[in-house]
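Quantities reported herein were computed from a predicted structural model and do not represent experimental measurements.
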Amino acid sequence: MIVSFLQPMALILFTLPLLSLIWGIVGYFIFKRVYVVLVITFAASTVFIFAYTGFDLSNMYWVVAMTFLCMCTSLITKIIQFMIQRYKKA
């Protein structure tokens with residue numbers, strides 16, 4: 001059985017959360033601010049969900065979920081980077 005990652009169910013359950021997790025890490029290294037990454041994630045997720053569902057507000061929980069996943073990975077990346085820098089100074 002071949003799973004296409006562009007089918008609607010696979011897109012929402014696998015592809016978008018994975019991209020959100022990766023973007024949380026990469027976005028923090030690019031911008032060095034967690035809130036900038038969250039604003040970009042929230043805006044992009046909102047545009048994508050509205051375009052995909054035809055401006056249906058009932059799917060906004062996916063936007064919140066993707067932003068939360070991105071926040072978690074950005075904060076973890078920030079903590080790890082801070083610990084590495086602190087360890088190098090010692």
- [ ] Quick one: closest heavy-atom pair of Gly24 and Cys70, and the distance?
- [x] CA-SG, 3.6 Å
TODO: Check which hydrophobic residues are tied to Tyr87 through side-chain heavy-atom contacts below 4.5 Å, counting indirect links as well, and list them.
DONE: none
Open item on the list: Which residues pass the side-chain contact (heavy atoms from CB on, under 4.5 Å) test with Phe68, not counting sequence neighbours?
Closed with: Met71, Cys72
TODO: Identify the heavy atoms of Tyr28 and Lys78 that sit nearest to each other, and give their distance.
DONE: OH-CG, 3.2 Å
Task: Connected hydrophobic set around Phe31, excluding itself, where side chains approach under 4.5 Å - done: Leu18, Ile22, Trp23, Val26, Ile30, Tyr35, Val36, Val37, Ile40
TODO: State the CD1-OG1 distance between Ile25 and Thr77, to the nearest 0.5 angstrom.
DONE: 4.5 Å
- [ ] Output the rest of the hydrophobic cluster of Ile84: all Ile, Leu, Val, Met, Phe, Trp and Tyr residues reachable through side-chain heavy-atom contacts under 4.5 Å, sorted by chain and number.
- [x] Ile76, Ile80
Open item on the list: Which residues end up grouped with Met83 if you chain together Ile, Leu, Val, Met, Phe, Trp and Tyr wherever their side-chain heavy atoms are less than 4.5 Å apart?
Closed with: Ile79
- [ ] Starting from the C-alpha separation in whole Å, work towards a yes-or-no answer on side-chain contact (heavy atoms from CB on, under 4.5 Å) for Leu57 and Phe50.
- [x] CA-CA 8 Å; Leu57 290 175; Phe50 281 158; 3.4 Å; yes
Task: Qualifying residues under side-chain contact (heavy atoms from CB on, under 4.5 Å), relative to Thr67, sequence neighbours excluded - done: Leu38, Thr41, Phe42, Val63
Task: Gap separating the CZ atom of Phe48 from the CE atom of Met66, nearest 0.5 angstrom - done: 9.5 Å
Task: Nearest atoms (heavy-atom pairs only) where Ser74 meets Val34 - done: CB-CG1, 4.0 Å
